[in-house]
Amino acid sequence: MSQISLTFPDGNSRDYDAGVTPAEVAASISNSLAKKAVSATVGGAHWDLQWPITGDTQIAIHTMKDEAQALELIRHDFAHVMARAVQEIWPDVKVTIGPVIDNGWYYDFDREEPFTPEDLGAIEAKMKEIINKRDPVTTEIWDRDRAIKYYEANNEPFKVELIEAIPGDEPLRMYWHGHWQDLCRGPHLQNTGQLPADAFKLMSVAGAYWRGDSDRSMLQRIYGVGFQNKEQLKKHLHMLEEAAKRDHRKLGREMNLFHMQEEAPGQIFWHPNGWTIYTELQNYMRRKQRAGGYVEVNTPQVVDRKLWEASGHWDKYQEHMFIVEVDEDHAREKSINALKPMNCPCHVQVYNQGLKSYRDLPLRMAEFGSCNRYEPSGALHGIMRVRGFTQDDAHVFCTEEQIEEECARFIDFLSSVYKDLGFEEFEIMFATRPEKRVGTEESWDHVENALENAIKKTGHEYTLDPGEGAFYGPKLDFKLTDAIGRIWQCGTFQVDPNLPERLDAVYIGEDGAKHRPYMLHRATLGSFERFIGIMIESHAGKLPFWLAPRQVVVASIVSDADDYVHQVVAALKAKGIRAEADIRNEKINYKVREHSVGKVPVILACGMKEVEEGTVSIRRLGEKHSKVLPLDDVTTTLAVEATPPDLA
RNA sequence: GCUGCUGUAGCUCAGAGGUAGAGCACUCCCUUGGUAAGGGAGAGGUCGAGAGUUCAAUUCUCUCCAGCAGCACCA
């Protein structure tokens, strides 16, 4: 038998018989390592302890201490144990797939009856039973025919379909523990007893389409979370509880920012507090955009279908539009209109007024464009995904050569805005040419290169999202996460040669001939609604002072101080600070608590001492102690703090 | 849109086949209190909407609406 040389992380190497498994390698080092080992990294790949190694390579043996590998194995094995538990309780349930995800795993099942919360408890109990059996995990490679026959015989049509989708002659790996078997890439633990039976929890059950295809049957997906030990599980569950407190829907109610109601699903009734945030943010964006070389326009809400037909939206997007029909009793002619779902066609209309020269380009046309989209009911989510919203939208009309520069300029602009708003980090997704597309390959090459260069020039990392661009051009999406880690697209940058073509936008070039401009769709915040939702969650309601709807509450401690409280409020207002008086007949404890819960950043308490000395007792949100300071000092300090970041 | 769950006072929630309850919030009274809930009284609900079963439905059944979780969608 031939020999192979395995190199360990410390640089030493040893010879073994070809076909040696990591389990055998571990045993050759020490008994304790053999027991503790869970997997290996072989030649850069995560390797099952049972898989043979056939050539010279690098090897590292993993134990539970290697967090990345351990968590992947644990979660993957939990998924298998859960599937086995389900089939032991309900033998007729069909299994499909069960991958590892952030913090845990899921497994999709096909079963007539819905799983209930009580069922989840029963499954958890069965899983613990299985783990305690400490069944060894074994694996074998099967050929396709055998695997297909096996699953056909066992009435597992989903597995058969999975195998049929696996390309050609790729060998199929089977895993067992106990009598239970699953088709799986691996790697897995050595035995089910290596799973921490007290460090997992089944979280929820929800529908999920088979193979992610909404035309196919809906399966039941059970989600679980799993960790190396009980403490980490507890920590995770606690984190979820904390995150729930930051939910913008809850804080929106508690801070009296907005509400929504049945009569206008997916639309927001902004209350004075919430609208203050909104307008402050909009004022800020308006100043930033002016400074950034944009001109601002405003275009109609209700637009005749003729324009949507010309733009192509009527064909492709109609089911997502609110259609407005004006009938003949009210209008001279019957007309069919749509509420605008986006601003671009209207912006081309503005562009098309008057002949443009190459000297006018790039033309950056911005609008705080109020849009309505008939989003699917299941997609609605608080103020993050709504049917009526306002984009901080703009379209840059430019030449192909200007795209790179405009893209870089936008990324810098967006970074500056995000930084001002407290988001140092964000994810850029670079979506490239899809299979179904228009335009020449040369043009796609050029435009994709322009975007890539722009990202590099501005010094950001990005994630490639191949094939996910629009049919007419590539795009960048800028994403932020909410309190529980759900990812939301906020900013966007899209290259579009298509709409100028459809709506016949032109400019006169240096050569005196007509040319077609490119149109760059771009939004920084995306929508005010979504961005405010994200901001509420990321700040847990404690917005930066300049954005806080109620910046200061001045509270009297005794009613003899009420007049002074009004003077203090007037002094603050004179400095442009949003201040209000609280002279209710309540104790100071009560007032402090109420305004703390309401996330008011500064409470100024005034008793007779302050009245006599011309001071205020300042207490900042989150701080336990207050400080007595001269009123003038406080108004000056707060006025500085109230300055928006772009004016500071 | 799909699967499942939920809908009772402004909010958070309890409850039962015989037309409803708590805490907080609200109003009034007492209290003038020094930094996260002082005390008392009062008012407040067509139990999401519609239909059906029943002597009787807010409770059971069906349909619809909305919300929540996930999936799909987000040009």
Side-chain angles (χ1 to χ4, degrees), chain A residues 101 106 108 111 113-117 119 203-223 244 247 249-250 253-254 256 259-266 311-313 315-321 341-342 344 373-382 384-387 434 436 468-473 475 477 484 486 488-489 492 494 496 498-499 521 526-527 530 555-562 583-598 603-610 617-628:
Chain A
I101 53 174
Y106 66 77
D108 288 348
R111 180 188 181 219
E113 297 290 304
F115 288 112
T116 64
D119 290 342
M203 303 298 284
S204 62
V205 55
Y209 294 110
W210 169 232
R211 315 205 95 196
D213 183 344
S214 58
D215 290 333
R216 308 199 58 171
S217 52
M218 183 152 269
L219 307 169
Q220 295 188 64
R221 175 172 297 177
I222 301 179
Y223 285 90
D247 190 310
R249 295 166 294 192
K250 182 176 155 69
R253 221 177 7 252
E254 289 173 359
N256 195 11
H259 84 274
M260 303 174 90
Q261 62 186 50
E262 270 194 34
E263 290 82 353
S311 69
H313 291 93
D315 267 356
K316 287 213 168 110
Y317 199 68
Q318 194 180 152
E319 63 182 35
H320 295 289
M321 293 201 281
M342 45 196 74
C344 29
R373 298 181 186 175
Y374 191 80
E375 299 285 11
S377 57
L380 302 178
H381 181 92
M384 307 269 237
R385 182 86 180 261
V386 286
R387 290 182 175 155
K436 278 190 183 172
E468 290 303 309
F471 69 90
Y472 47 73
K475 63 174 178 176
D477 285 334
I484 64 164
R486 282 181 289 225
W488 294 92
Q489 183 194 314
T492 187
Q494 279 188 42
D496 182 6
N498 182 59
L499 199 61
H521 308 252
S527 85
R530 177 175 294 181
S556 56
I557 296 169
V558 292
S559 50
D560 283 345
D562 289 356
I583 55 165
R584 289 174 303 169
N585 177 16
E586 296 291 351
K587 293 198 172 186
I588 192 64
N589 295 318
Y590 183 93
K591 296 181 182 179
V592 165
R593 178 187 149 76
E594 186 173 283
H595 299 124
S596 299
V597 168
I603 299 170
L604 301 182
C606 301
M608 289 321 288
K609 183 164 166 266
E610 287 75 14
S617 168
I618 178 168
R619 180 189 166 113
R620 290 178 184 267
L621 185 58
E623 286 178 9
K624 290 221 166 70
H625 300 289
S626 55
K627 253 190 251 173
V628 177

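Residue numbering restarts at 1 for every chain, and letters A, B, ... go by the order of the sequence lines.
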If we take the [atom1] atom in both [N] and [M], what is their distance in whole Å?
N: B:rA43; M: B:rU27; atom1: C1'; answer: 7 Å
N: B:rG1; M: B:rU63; atom1: P; answer: 15 Å
N: B:rA9; M: B:rA14; atom1: P; answer: 12 Å
N: B:rG44; M: B:rA25; atom1: C1'; answer: 11 Å
N: B:rA49; M: B:rC13; atom1: C1'; answer: 23 Å
N: B:rA51; M: B:rA37; atom1: P; answer: 49 Å
N: B:rG21; M: B:rG45; atom1: C1'; answer: 11 Å
N: B:rU53; M: B:rG70; atom1: P; answer: 40 Å

Are A:R249 and A:D247 within salt-bridge range, i.e. N to O under 4.0 Å?
-> yes
Need one value for [X]: base, sugar-phosphate or nothing, where a base atom within 4.0 Å counts as base even if backbone is also close, heavy atoms only.
X: A:G312; answer: nothing
X: A:P114; answer: sugar-phosphate
X: A:V205; answer: nothing
X: A:R221; answer: sugar-phosphate
X: A:H595; answer: nothing
X: A:K591; answer: nothing
X: A:K627; answer: nothing
X: A:R249; answer: sugar-phosphate
X: A:M608; answer: base
X: A:G469; answer: nothing
X: A:F115; answer: nothing
X: A:A379; answer: base

Phosphate OP1/OP2 of [N]: any [X] side-chain N/O under 4.0 Å:
X: A:Y590; N: B:rA25; value: yes
X: A:R111; N: B:rU3; value: no
X: A:R253; N: B:rG10; value: no
X: A:R216; N: B:rA72; value: no
X: A:H259; N: B:rC11; value: no

Provide, to the nearest angstrom, the distance between the [atom1] atom belonging to [X] and the [atom2] atom belonging to [N].
X: A:E113; N: B:rU3; atom1: CD; atom2: C1'; result: 14 Å
X: A:L219; N: B:rG4; atom1: CG; atom2: P; result: 13 Å
X: A:R385; N: B:rC74; atom1: CZ; atom2: P; result: 9 Å
X: A:N589; N: B:rA37; atom1: CG; atom2: P; result: 6 Å
X: A:R593; N: B:rA25; atom1: CZ; atom2: C1'; result: 12 Å
X: A:M260; N: B:rG67; atom1: CE; atom2: P; result: 7 Å
X: A:D562; N: B:rG34; atom1: CG; atom2: P; result: 15 Å
X: A:I603; N: B:rA36; atom1: CD1; atom2: P; result: 9 Å

Nearest-neighbour nucleotide for the [X] side chain, [options] considered:
X: A:S617; options: B:rG34, B:rC73, B:rA36; value: B:rG34
X: A:M218; options: B:rC2, B:rU35, B:rA69; value: B:rC2
X: A:A206; options: B:rG70, B:rU35, B:rG1; value: B:rG70

Scan nucleotides 58-66 of chain B against the protein and return all N/O pairs shorter than 3.5 Å with their distances rounded to 0.1 Å.
from, atom 1, to, atom 2, distance (Å)
B:rC65, O2', A:E262, OE1, 3.4

Ignoring hydrogens and angles, answer whether the base of B:rG34 and the side-chain atoms of A:E610 contain a donor-acceptor pair closer than 3.5 Å.
-> yes
Is the base of B:rG70 touched by the side chain of A:Y209 through a donor-acceptor pair closer than 3.5 angstrom?
-> no
With both distances under 3.5 Å as the test, what is the Watson-Crick or G-U wobble partner of B:rG23?
-> B:rC11
In terms of the angle between their ring planes, are A:H313 and A:Y317 parallel, tilted or perpendicular, with boundaries placed at 30° and 60°?
-> perpendicular
